[in-house]
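To start, the structure under review is shown below, and the notes come after it.
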Amino acid sequence: MNLLLKELKLRELPEYLVFNSRAGSNSAAEQELVERLKNLPENAAKFDLPLPGSSEEKTSARINRFRQLAEQARPEPEEITMIESTEAGEDEGVEPAAGQIWSVKRFIGSYHELDVLPIARPQYIFLLTNPANLMGEGTAGLQYPRSFTDDRFLEFLPVSIHTEFANQYDVLFPSGNHILGVEFMIETEINSVCLLHDLDRCFGTVTEEEAEKILNTYFFAHKMGHDSELYSVTETGSDTHPVDSVFNQYKEIEFENAQIIAEPVEKLRMRLDDTKVIRIPYPVKVLAAAQEEINVAGETPDLTIPLHEDENLLLQINHYPKLGYYFVVNVSSDFCEREFVFSVENLSDTPIKLERECPIPRKYYFAFYPEFKDGLYRVSILTGGNPIWTKEFIIEMEKR
Amino acid sequence: MSLQKVKDLLAKGAIAGALKECLEWHDRSSGLEQGDIKTYLVELIKNEEILACLDESTRSSISKLLHQDVRNCDKYYFTGKAYFPVHAPGDTRLVLLKIENDSTDHIINFDLDPESRGPFMNVIMHLWRYLNQTITAPGMSRSDTTVMNWGHKYSIHFNPFANGPFGTDGITQITGESLHFVAVVATISATTGRYVDPDIVFTGCFKSPVESTPVSHLREKAEFILEQRPLTKKIIIPSGFFSPEDREFISNHKDLFVQVNSFKELIEAAFGQSVGKVLELDDSRRHSIGFCRLISKSLGAMEILLFDRVGNVDFNERRVTFNVVYFTMKDNGDKTRYQVFPITKFNFLPLGDSMYPVLIILDFRGTIAHTGNMISNNSQVKDIFAVGVGYDATLAQIFAYPQPTDQELVGKYFQLDPIHQKLKTRV
């Protein structure tokens with residue numbers, strides 16, 4: 001691989017983080033980053049590298065250290081490490097909008113607790129669109145998820161400081177610019193999507209004139225018809241390069257990086273597609289405590305709402321005329337050998353959790369609890385504190 | 001379907017069979033069905049009647065399956081309850097008879113065939129009188145309590161579960177008289193507060209308190225009992241002549257059977273103590289048995305001012321010393337009906353010098369019918385009887401003296417106030 005392209009992949013750990021990990025000097029957030037990414041092919045070998053001993057190695061480590069210091073020198077609150085994130089615009093009151101340049105959080109997908117690996121190095125993006133909802137209005141029956149989860153996302157163009165790799169589709173901003181200060185480019189050839197809650201910090205907004213040039217170049221890059229006159233006065237990189245050139249290799253890396261940023265969007269979409277909406281038609285009885293009451297086994301429910309069923313796990317909600325609503329969970333010993341915990345958690349600003357310990361795998365009946373209300377719920381089966389099965393549901397109750 | 005098989009077995013009182021079926025069902029099933037079965041087992045072992053049938057092997061199997069210890073049954077659950085078998089061609093079942101307290105006259109709360117009802121009630125009535133005669137105060141050979149209404153309601157079930165996943169439509173009709181033994185034992189249990197050992201089963205009839213009669217199909221019943229209640233220690237049966245087949249069976253299982261012929265022998269075999277010990281009740285229990293009871297208070301020697309009264313004139317005063325015993329009635333409800341006929345005697349604990357004649361003062365409603373009944377049936381009593389006149393009586397009249405030594409006492413009045421004052425000091 002061309003050495004010029006070293007350490008450009010988003011999930012490639014900088015060597016200083018690896019060294020610090022071995023020395024035990026990373027912050028908690030930095031160390032979490034290392035732990036989650038260390039097994040990737042691009043990182044694994046780094047853990048076998050000798051710690052800097054020779055003068056050459058010391059020089060390399062020193063350079064990396066300077067780079068770290070340079071990144072730390074950017075105007076950020078002192079208490080935040082390099083990879084600490086803030087809520088989008090929280091400290092500046094900036095609402096994300098098209099035309100802005102933002103950095104992306106390291107722990108992407110974390111707001112929605114999506115199972116996505118973090119990124120190891122900073123990524124800057126140019127917001128191409130205003131935030132929009134992932135699940136459009138036209139999506140039948142899915143206005144409910146939006147009540148309970150923020151599914152906004154936006155389209156972006158990657159921003160890179162490696163202007164040495166600029167091609168004719170990359171709009172250049174000279175050093176001393178009003179946004180990042182250093183020279184950077186907006187790569188109009190690559191576009192991707194990002195969740196709103198993965199935005200970290202806003203660095204500024206391009207001017208109208210700059211926006212016009214960026215969009216025009218974007219149209220040019222995507223063969224959508226452009227103003228050639230405007231393009232001719234737009235600062236971009238040089239002509240296209242051979243397929244196997246380092247320029248194209250760089251673009252491949254940038255493209256892959258853009259897909260990484262988009263991973264949480266896809267995961268959230270899948271989750272929302274998969275999230276069943278359950279409507280509870282009867283008023284929920286206020287019960288004293290959600291304890292197991294398996295005498296309900298002899299009662300006949302007048303309503304059964306299936307949540308999940310396979311050969312090893314049955315989960316449903318039953319309503320009994322005199323008893324009210326019950327979760328019914330049946331777990332086979334093939335699925336879980338010993339004790340487990342059945343958990344129902346309301347994912348909201350004021351989360352409520354029902355947890356019931358189940359000594360052995362069998363069928364249990366758990367009454368709804370008094371605080372039950374509309375919301376996005378995560379139902380889990382846990383053993384040893386770890387979830388072995390989890391699914392989310394939207395539950396809406398008929399109002400009394 | 002296996003749940004139905006379990007229910008069918010429970011409906012026959014075949015508890016061991018039901019548990020065995022459950023365990024075998026679990027072994028041949030998989031996945032979620034095993035989860036259902038385990039949940040059923042958890043429900044089953046909450047029931048004392050189920051727990052009472054667990055032998056070590058079954059207990060161990062269930063414990064292993066549920067990853068939890070299975071407790072022993074609470075034997076006090078079996079207070080006022082006892083088991084007996086019933087048999088029809090091709091169908092043997094185990095039944096639990098139980099007694100509840102009830103003030104109504106609804107004594108038989110199950111469908112006992114008409115031919116069997118009479119003999120059953122006959123035994124119960126004999127038992128009531130037997131109890132009134134046999135219950136004693138501690139250290140005494142007598143009692144101070146005479147029960148007028150026992151408040152017992154007899155009911156049965158085969159299946160320990162009235163509802164829930166194991167509930168079945170109960171068959172409530174039974175025929176025959178082999179439940180006499182169990183009715184006596186359950187009644188003693190309810191009266192004394194002693195539980196009946198669930199490992200003892202009873203089958204037998206009474207012709208009278210001192211004469212039992214054999215039952216039929218003993219072998220079938222015994223085999224079913226041993227199969228379904230593997231912890232059975234004893235089966236208590238009547239003495240007398242059984243069929244040759246049953247006689248042979250008894251002979252081959254001598255350690256299993258206990259033969260009894262009377263209330264006394266039955267009570268002693270069931271509770272493992274002399275009947276005197278079993279029916280010796282402390283004051284608290286004695287004064288609360290039944291639904292309606294007469295309680296006597298012996299006041300000792302008292303000089304009473306007697307007089308004649310005609311119209312509004314009192315005359316012929318004389319003072320006589322008696323050994324006074326005062327009876328009141330306590331009931332749990334409102335004017336509970338008296339059930340026990342006839343009263344052969346009123347129970348009291350004598351106090352004081354026996355040289356004075358005993359004056360029994362009956363100060364409760366409905367006296368006349370009962371005392372008239374008693375006196376006319378028992379001319380051997382040497383005591384003198386007086387009755388309170390009217391409700392909230394302040395005056396009493398001597399109305400009976402079956403073996404008089406003083407002919408002029410009958411008909412005399414006396415004030416009740418001195419009696420009430422003495423009662424207050426004796427409390």
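Chain naming here is simple, since letters A, B, ... match the order of the sequence lines and numbering starts at 1 in each.
- With a 4.5 Å cut-off on non-hydrogen atoms, D36(B) touches chain A through its backbone and its side chain both.
- Remark: K20(B) NZ is loosely packed, at most 12 non-hydrogen atoms of other residues, nucleotides or ligands lying under 6.0 Å away.
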Practice prompt. Could you give me the CA-CA distance, side-chain angles and deciding distance for R362(A) and V42(B), then say whether side chain to side chain contact (heavy atoms under 4.5 Å, CB included) is met?
Written response: CA-CA 10 Å; R362(A) 61 171 174 88; V42(B) 168; 3.4 Å; yes

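- Heavy atoms of other residues, nucleotides or ligands lying less than 6.0 angstrom from CD of E311(A) number 12 at most.
- The 12-atom threshold is exceeded at CG of D113(B), counting heavy atoms of other residues, nucleotides or ligands nearer than 6.0 Å.
- Summarising the geometry, atom CD belonging to Q34(B) is positioned 8.0 Å from atom OG belonging to S332(A); distances are rounded to the nearest 0.5 Å.
- Heavy-atom distances place the backbone of L65(B), and not its side chain, under 4.5 Å from chain A.
- Of all the heavy atoms in L32(B) and D310(A), the pair that sits closest is CD1-O, 3.3 Å.
- In D74(B), the CG atom is crowded: over 12 heavy atoms of neighbouring residues, nucleotides or ligands sit closer than 6.0 Å.
- Side chain of T39(B) to backbone of K363(A): a donor-acceptor contact under 3.5 angstrom is found.
- The candidate from D334(A), I360(A), N330(A) with the greatest count of non-hydrogen atom pairs under 4.5 Å with chain B is N330(A).
- Heavy-atom neighbours of Q4(B) CD from other residues, nucleotides or ligands within 6.0 Å: above the threshold of 12.
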Discussion item. Pair H67(B), R338(A) - check side chain to side chain contact (heavy atoms under 4.5 Å, CB included), show working.
Written reply: CA-CA 9 Å; H67(B) 297 288; R338(A) 293 294 296 267; 3.8 Å; yes

